[in-house]
Number of protein chains: 2
Amino acid sequence: MLFSQSCIYGIRAALLVAIRSQKDSDSFTPIRMIAEELNVSFYFLTKILQTLTKARIMESYKGPNGGVRMAMASEDIYLIDIIEAFDEDKVFDSCLLGLPGCRDDDPCPLHKEWKKSKGQLQKVFQRTSLAKLTKEADRLMFRL
Amino acid sequence: MLFSQSCIYGIRAALLVAIRSQKDSDSFTPIRMIAEELNVSFYFLTKILQTLTKARIMESYKGPNGGVRMAMASEDIYLIDIIEAFDEDKVFDSCLLGLPGCRDDDPCPLHKEWKKSKGQLQKVFQRTSLAKLTKEADRLMFRL
DNA sequence: AAGATTTAAGAGTCTCTTGTCATAAATACT
DNA sequence: AGTATTTATGACAAGAGACTCTTAAATCTT
Ligand code: SF4
Ligand code: SF4
């Protein structure tokens, strides 16, 4: 798997919250509700969303009517932001064979192809905002 | 990381043995020697190479002058064979968000791009034989 | 036959990720 | 004020993957 489980849940939760924020971007969504909709552990999801709030991607609010919401317009949140909040440089600095100290001019046999594919994916995540995905989700009814 | 550590060591060992078999394809290379050259644990590598011999990619021989060698011409061994021996369908059947029961017509928002990048990499592994890499290694002095 | 070398097999350990829980802190409502 | 609701925090348990070690089996050499 390319992403950690935490990262995956984080992306899915962010997408869900972003979709909900289209109708009402001010109110908070309880984590318990998100956990039920995504079918993941409430306890675990709580931990995970804390990293997103610490990264200033989401905001949280305690007490009744509390929960989490996006900290900014979903137009300004890109997938790469969420991924980096969890897996930092672990994904796109990663390499296939895990050799230390590689450079482009001192590569393993697979470096060229890996760099290409990795770069493509990275660009996708850098260019894809939550807003774009929520718009598509409206039309296509994506799975989450 | 895309590949498991076992898979990575397996690929590196296979490359090393394939390179050695250019000069002498009949003799066996002791696992201890491979472990030293690759700078990995001998014990662990022993386990790992057992999966390659079980997959009929390598052959082993016990006793003095024993070790492992490629089971066929390196022209006929493709990276995908080695990868599948370890991570089976875990890599190229894998998905970014890990949702169950996805289909192309019922995807998550990231499915399209992921499928594209994944397919590209898969093709590389399907088309790249050990022989091709050992030839390049001769010219370029790749890292292993 | 005996001893040395080398892989095979299986049990065991370490570490990191994943997941759980109990308790505390903040907020709202009455 | 008191109670219910909801996130925050930190300790803890379970699982998986990575790694180690011991013993057995095969083979060679003398
Ligand atoms: S050359 Fe590139 S792909 Fe190969 S081990 Fe180094 S960083 Fe990884
Ligand atoms: S749609 Fe594709 S990428 Fe998304 S969760 Fe399903 S299989 Fe994975």
Side-chain angles (χ1 to χ4, degrees), chain A residues 1-13 17 20 26-71 83 85-88 90-91 94 97-98, chain B residues 1-13 17 26-71 85-88 90-91 94 97-98:
Chain A
M1 259 199 278
L2 191 64
F3 295 149
S4 68
Q5 206 53 249
S6 300
C7 185
I8 290 174
Y9 292 163
I11 293 173
R12 291 173 65 201
V17 173
R20 284 179 56 89
D26 287 340
S27 73
F28 294 90
T29 305
I31 297 176
R32 184 150 256 134
M33 184 182 299
I34 302 173
E36 274 167 22
E37 292 214 29
L38 297 183
N39 218 26
V40 306
S41 150
F42 163 70
Y43 293 123
F44 195 26
L45 189 60
T46 295
K47 277 259 151 43
I48 287 164
L49 293 187
Q50 278 168 24
T51 52
L52 285 184
T53 57
K54 276 171 191 157
R56 311 282 180 142
I57 293 170
M58 284 188 176
E59 290 170 343
S60 66
Y61 197 79
K62 293 175 184 171
N65 306 318
V68 294
R69 70 181 179 197
M70 305 317 294
I83 292 164
F86 291 101
D87 291 345
E88 190 69 18
K90 279 169 206 136
V91 175
S94 80
L97 298 190
Chain B
M1 260 199 278
L2 191 63
F3 295 148
S4 67
Q5 203 58 249
S6 300
C7 186
I8 290 174
Y9 291 164
I11 293 172
R12 292 173 65 199
V17 173
D26 287 341
S27 73
F28 294 90
T29 306
I31 297 177
R32 183 150 257 133
M33 184 181 302
I34 303 173
E36 273 166 24
E37 293 216 28
L38 298 184
N39 217 25
V40 306
S41 151
F42 163 71
Y43 292 125
F44 195 26
L45 189 60
T46 296
K47 277 262 148 46
I48 286 164
L49 292 187
Q50 280 168 23
T51 55
L52 284 184
T53 58
K54 277 173 190 157
R56 312 281 181 143
I57 292 170
M58 285 187 173
E59 291 170 344
S60 67
Y61 196 79
K62 292 175 184 172
N65 306 318
V68 294
R69 70 181 177 197
M70 304 317 294
F86 291 101
D87 291 346
E88 190 67 19
K90 279 169 208 136
V91 176
S94 79
L97 298 190

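Everything numeric here is computed off the predicted structure, so don't read it as measured data.
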(Q) Side-chain N or O of S6(A) versus OP1/OP2 of dT18(C): is the shortest distance under 4.0 Å? (A)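 S6(A) to dT18(C) OP1/OP2: side-chain N or O found under 4.0 Å.
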
Q) Is any side-chain N or O of Y43(A) closer than 4.0 Å to OP1 or OP2 of dT7(D)? A) no

Q | Interatomic distance, I34(B) atom CD1 to L38(B) atom CG [nearest 0.5 angstrom] | A | 7.0 Å

Send over the distance from [X] [atom1] to [N] [atom2], rounded to a whole Å.
X	N	atom1	atom2	value
E59(A)	dT6(D)	CD	C1'	16 Å
I48(B)	dG10(C)	CD1	P	17 Å
F42(B)	dC21(D)	CZ	P	12 Å
Y9(B)	dA18(D)	OH	C1'	8 Å
Q5(B)	dT20(D)	CD	P	12 Å
F44(B)	dT7(C)	CZ	P	17 Å
L45(A)	dC21(C)	CG	C1'	16 Å
L2(B)	dG17(D)	CG	C1'	16 Å

(Q) Before you tell me yes or no, could you show the steps for I8(B) and I11(B) under side chain to side chain contact (heavy atoms under 4.5 Å, CB included), namely the whole-Å CA-CA distance, both residues' side-chain angles and the distance that decides it to 0.1 Å? (A) CA-CA 5 Å; I8(B) 290 174; I11(B) 293 172; 5.8 Å; no

Below 3.5 Å between N/O atoms, which protein atoms pair up with nucleotides 27-30 of chain C? Just atom names and distances, please.
| unit_1 | atom_1 | unit_2 | atom_2 | d |
| --- | --- | --- | --- | --- |
| dT27(C) | O3' | Y61(A) | OH | 2.8 |
| dA28(C) | OP1 | Y61(A) | OH | 2.8 |

Q. In residues 30-38 of chain B, which residues come under 4.0 Å of DNA chain C by heavy atom?
A. P30(B), I31(B)

Report each atom pair, protein N/O against N/O of nucleotides 10-13 of chain D, whose distance is under 3.5 angstrom.
| unit_1 | atom_1 | unit_2 | atom_2 | d |
| --- | --- | --- | --- | --- |
| dG10(D) | N7 | K47(A) | NZ | 3.3 |
| dG10(D) | O6 | K47(A) | NZ | 2.2 |

Tabulate below the donor-acceptor pairs under 3.5 Å that side-chain atoms of residues 59-71 of chain B make, not counting sequence neighbours, or state none.
| unit_1 | atom_1 | unit_2 | atom_2 | d |
| --- | --- | --- | --- | --- |
| E59(B) | OE1 | R69(B) | NE | 2.9 |
| E59(B) | OE1 | R69(B) | NH2 | 3.2 |
| R69(B) | NH1 | D26(B) | O | 2.4 |

Q: Please test F3(A) against D87(A) for side chain to side chain contact (heavy atoms under 4.5 Å, CB included), starting from the C-alpha separation and ending with a verdict.
A: CA-CA 7 Å; F3(A) 295 149; D87(A) 291 345; 4.1 Å; yes

Q | ring-ring contact (aromatic ring centres under 6.0 Å, His included) against Y43(A), all qualifying residues, sequence neighbours excluded | A | none

Q: Only counting residues at least two apart or in another chain, list the ones meeting ring-ring contact (aromatic ring centres under 6.0 Å, His included) with F86(A).
A: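 ring-ring contact (aromatic ring centres under 6.0 Å, His included) check on F86(A) returns nothing, list empty.
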
Q.
By the 4.0 Å heavy-atom rule, please label F86(A) as base, sugar-phosphate, or nothing.
A.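 Nothing, no heavy atom under 4.0 Å.
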
